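Read the numbers this way: they start at 1 and go in the same order the structure lists the ligands and their atoms. None of the values given here were measured: they were computed from a predicted structure.
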Amino acid sequence: MDNKTSSSNFIRNIVESDLKEGKVSEVITRFPPEPNGYLHIGHAKSICLNFELADEFKGRTNLRFDDTNPLKEDTEFVEAIKEDVQWLGFEWDELHFASDYFEELYNRAVVLIKKGKAYVCDLTADQIREMRGTLTEPGQNSPYRDRSIEENLDLFARMRAGEFKDGEKVLRAKIDMSSPNITLRDPVLYRIAHAHHHRTGDSWCIYPMYDYAHPISDAIEGVTHSICTMEFEDHRPLYDWAIRESEMESEPHQYEFARLNLTNTIMSKRYLKMLVDNGIVDGWDDPRMPTISGMRRKGYTPEAVRAFCREIGVARANSVVDERMLEHFIREDLKLKAPRTMAVLQPLKVVITNYPEGQVEMLEAENNAENEAMGSRQIPFSREIYIERDDFMENPPSKYFRLFPGNEVRLKSAYFIKCEEVVKDADGNVTELRCTYDPETKSGTGFTGRKVKGTIHWVEASQAVPAEFHLFEPLLLDDAEGEDDKPFLERINPNSLEVLKGFVEPNMQEASGNDKFQFFRHGYFNVDPKSTDAGRIVFNRIVSLKSSFDVKA
Ligand code: ATP
Ligand code: MG
């Protein structure tokens, strides 16, 4: 893989010294998504961290689906997640599902019961919560805590056999109801759910909880460094307890790092799902979504996302990263790669009255001024062209150097034109400009006779390809993630998508899904992969050309 320089971070240092001291012979990490939604940019950070860390030390990384909650999970999400990890440029060593370990997880729970370390409890979820205590008060023991091992073994087997209804019983760890760490106050290990599982079907009606399934799954796979986000810090003693008490051979360790938060970006699956379910966006891969599939459709590149993840680094302190930093890496990546062409997003027709009728000439235009290797192309020029509506003003303010009556500008890669006449409809709207051109001013001929201050872009009218341009703004009007008093759906930005209809150069006819271009003066655009088969071409704006944001070198 390119640029393989996982920046130094505290987890990397731990791995390095564990290898040096012989605590582990090989580093094995895993990325463990729950298949209950699509991956987002936050997950990308975790993916990059896990895969690049193992890569750097010649270790291995597994992709493991944490599919222990049948009600929310689906095969659609499994497939989408695989595609996204691969798109980012990573290959997992082994593909696993926590559901493959259901039998082993069950057997290990039996080990716990036999050691007197777990018991079947009949309290309801509410009662368990009420008796758990608070940060300042200890919890109370469950009246079922002292059931005999025989009774617990019998009840647990009957839970599995389907004798009880959802919520009637749970299996709990027997740890310490007065522990200062609430996570250790007899946490639930198994619950009953008569639900169809997307992989195991109806074979199971009891499902392990994350806090139990996760450490045991890590141990089964021989994971050495189990990396998760900070909210699991308090769960680490439980993670260690589960591995120790269920007598797993291998001994993975958990390390926590801070989640990625981005300005203007909603990252929680719950909210993203709400946007999808309410039809506010066009699916999980809507270009406005911070999902990996949304970013892909918008035109972000895996190289840029990886470079961004490296730059932000890994720390334990929470912070919010400026989304413009991500945009910076997109521009950096596309600057030399994307061909530069002209597109008119809001067209205004211009007739060049002194250009011969019926004549079309081909002009040479370079494909990327910063990358000569990209060569040049031929673009048609004739008596009728389109320019950007914004590039004309009838009564301009001072310092307006584009077209206005009597003014002369350069058409990029073509000639100087001068605005002679403004044509309007009955309502006074400008419908057409009549201009003259000066044949002496042809681009590339070294004309030095006089100078003009403005250069504008254009597309020849008879061969122009009609196109739709989608410009995006943040989905939410404010920054906070659901902390606001206003219901989430009232905070949606009604103007997050702007659709413009204009024209692109004729050679764009051949563009296909996910081709990327820099449109002169407008920014970087991606051919929407879902648009081309419908016979119309949609360009998603990836990012504008400039930003005020500088990433420190
Ligand atoms: P969400 O809260 O968005 O639903 P999640 O944590 O429930 O996310 P999982 O599928 O359980 O989603 O996460 C898989 C892995 O990705 C976990 O290791 C989790 O810690 C990590 N992860 C999730 N969100 C972020 C984030 N914003 N930044 C870094 N890592 C993240
Ligand atoms: Mg989760």
Side-chain angles (χ1 to χ4, degrees), residues 9 11 28-54 61-69 71-74 76-82 84-85 88 90 92 96-99 198 208-211 213-215 217-218 221 223 225-236 239 252-277 284 289-295 305-306 308-321 323 325-326 481-483 488:
N9 67 64
I11 298 178
I28 302 179
T29 60
R30 86 287 171 264
F31 174 63
E34 184 179 355
N36 62 351
Y38 282 60
L39 299 181
H40 51 62
I41 180 75
H43 294 113
K45 175 177 176 179
S46 173
I47 294 170
C48 290
L49 174 59
N50 279 293
F51 280 88
E52 291 183 354
L53 196 60
T61 304
N62 296 340
L63 174 61
R64 178 171 74 237
F65 288 97
D66 231 316
D67 56 346
T68 53
N69 185 359
L71 292 173
K72 290 192 188 158
E73 296 157 3
D74 197 89
E76 173 200 346
F77 300 130
V78 169
E79 293 311 314
I81 289 170
K82 285 200 230 166
D84 289 348
V85 173
L88 274 175
F90 299 110
W92 49 86
H96 292 295
F97 292 84
S99 56
H198 73 108
M209 304 301 286
Y210 173 90
D211 277 332
H214 203 83
S217 304
D218 281 345
E221 291 173 23
V223 166
H225 297 78
S226 177
I227 304 168
C228 64
T229 39
M230 285 309 292
E231 69 271 24
F232 292 103
E233 188 178 16
D234 286 349
H235 298 234
R236 197 191 322 145
Y239 181 98
H253 288 279
Q254 174 182 307
Y255 301 93
E256 308 89 17
F257 71 102
R259 287 185 161 253
L260 168 65
N261 300 298
L262 267 187
T263 54
N264 277 320
T265 309
I266 336 154
M267 210 90 84
S268 137
K269 268 184 239 164
R270 194 163 84 84
Y271 287 114
L272 296 178
K273 187 169 176 341
M274 229 189 269
L275 295 170
V276 174
D277 292 347
W284 286 94
M289 294 281 271
T291 52
I292 295 180
S293 52
M295 293 191 293
V305 175
R306 291 200 306 262
F308 167 75
C309 288
R310 256 173 234 136
E311 173 70 25
I312 56 176
V314 180
R316 283 171 61 83
N318 276 311
S319 64
V320 182
V321 177
E323 60 166 347
M325 194 200 245
L326 176 55
E481 214 176 88
E483 288 153 14
F488 178 68

In chain order, what residues pass the salt bridge (Lys or Arg N to Asp or Glu O under 4.0 Å) check against D67, with sequence neighbours excluded?
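Per chain and number, D67 pairs via salt bridge (Lys or Arg N to Asp or Glu O under 4.0 Å) with no residue.
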
Among residues at least two apart in sequence or on other chains, which ones pass salt bridge (Lys or Arg N to Asp or Glu O under 4.0 Å) with R270?
none

Would one find an N or O of [X], backbone or side chain, under 3.5 Å from an N or O of ligand 1?
| X | value |
| --- | --- |
| E34 | yes |
| H43 | yes |
| L260 | yes |

For ligand 1, the portion of F31 having any non-hydrogen atom under 4.0 Å away
side chain

Residue-level breakdown please: for H40 versus ligand 1, do any non-hydrogen atoms fall below 4.0 Å on the side chain, on the backbone, on both, or on neither?
side chain

So which of M267, R64, K45, R259 gets nearest to atom 2 (O) of ligand 1, if we judge by its closest heavy atom?
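Among M267, R64, K45, R259, the closest heavy atom to atom 2 (O) of ligand 1 comes from R259.
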
Candidate with minimal heavy-atom separation from atom 29 (C) of ligand 1, of G42, A258, C48:
G42

Mind checking whether H214 and Y210 have ring centres under 6.0 Å apart?
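Yes, the ring centres sit under 6.0 Å apart.
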
How far apart are the C-alpha atoms of L53 and I11, what are their side-chain angles, what is the distance that settles it, and do they pass the side chain to side chain contact (heavy atoms under 4.5 Å, CB included) test?
CA-CA 9 Å; L53 196 60; I11 298 178; 3.7 Å; yes

Test your reading of the model: is there a side-chain donor-acceptor pair from T291 to the backbone of W284, 3.5 Å cut-off?
yes

Classify the ring geometry between F90 and F51 as parallel (under 30°), tilted (30 to 60°) or perpendicular (over 60°).
parallel

Would you mind running through ligand 1 and noting each atom that sits below 4.0 Å from a heavy atom of F257?
29 (C), 30 (N)

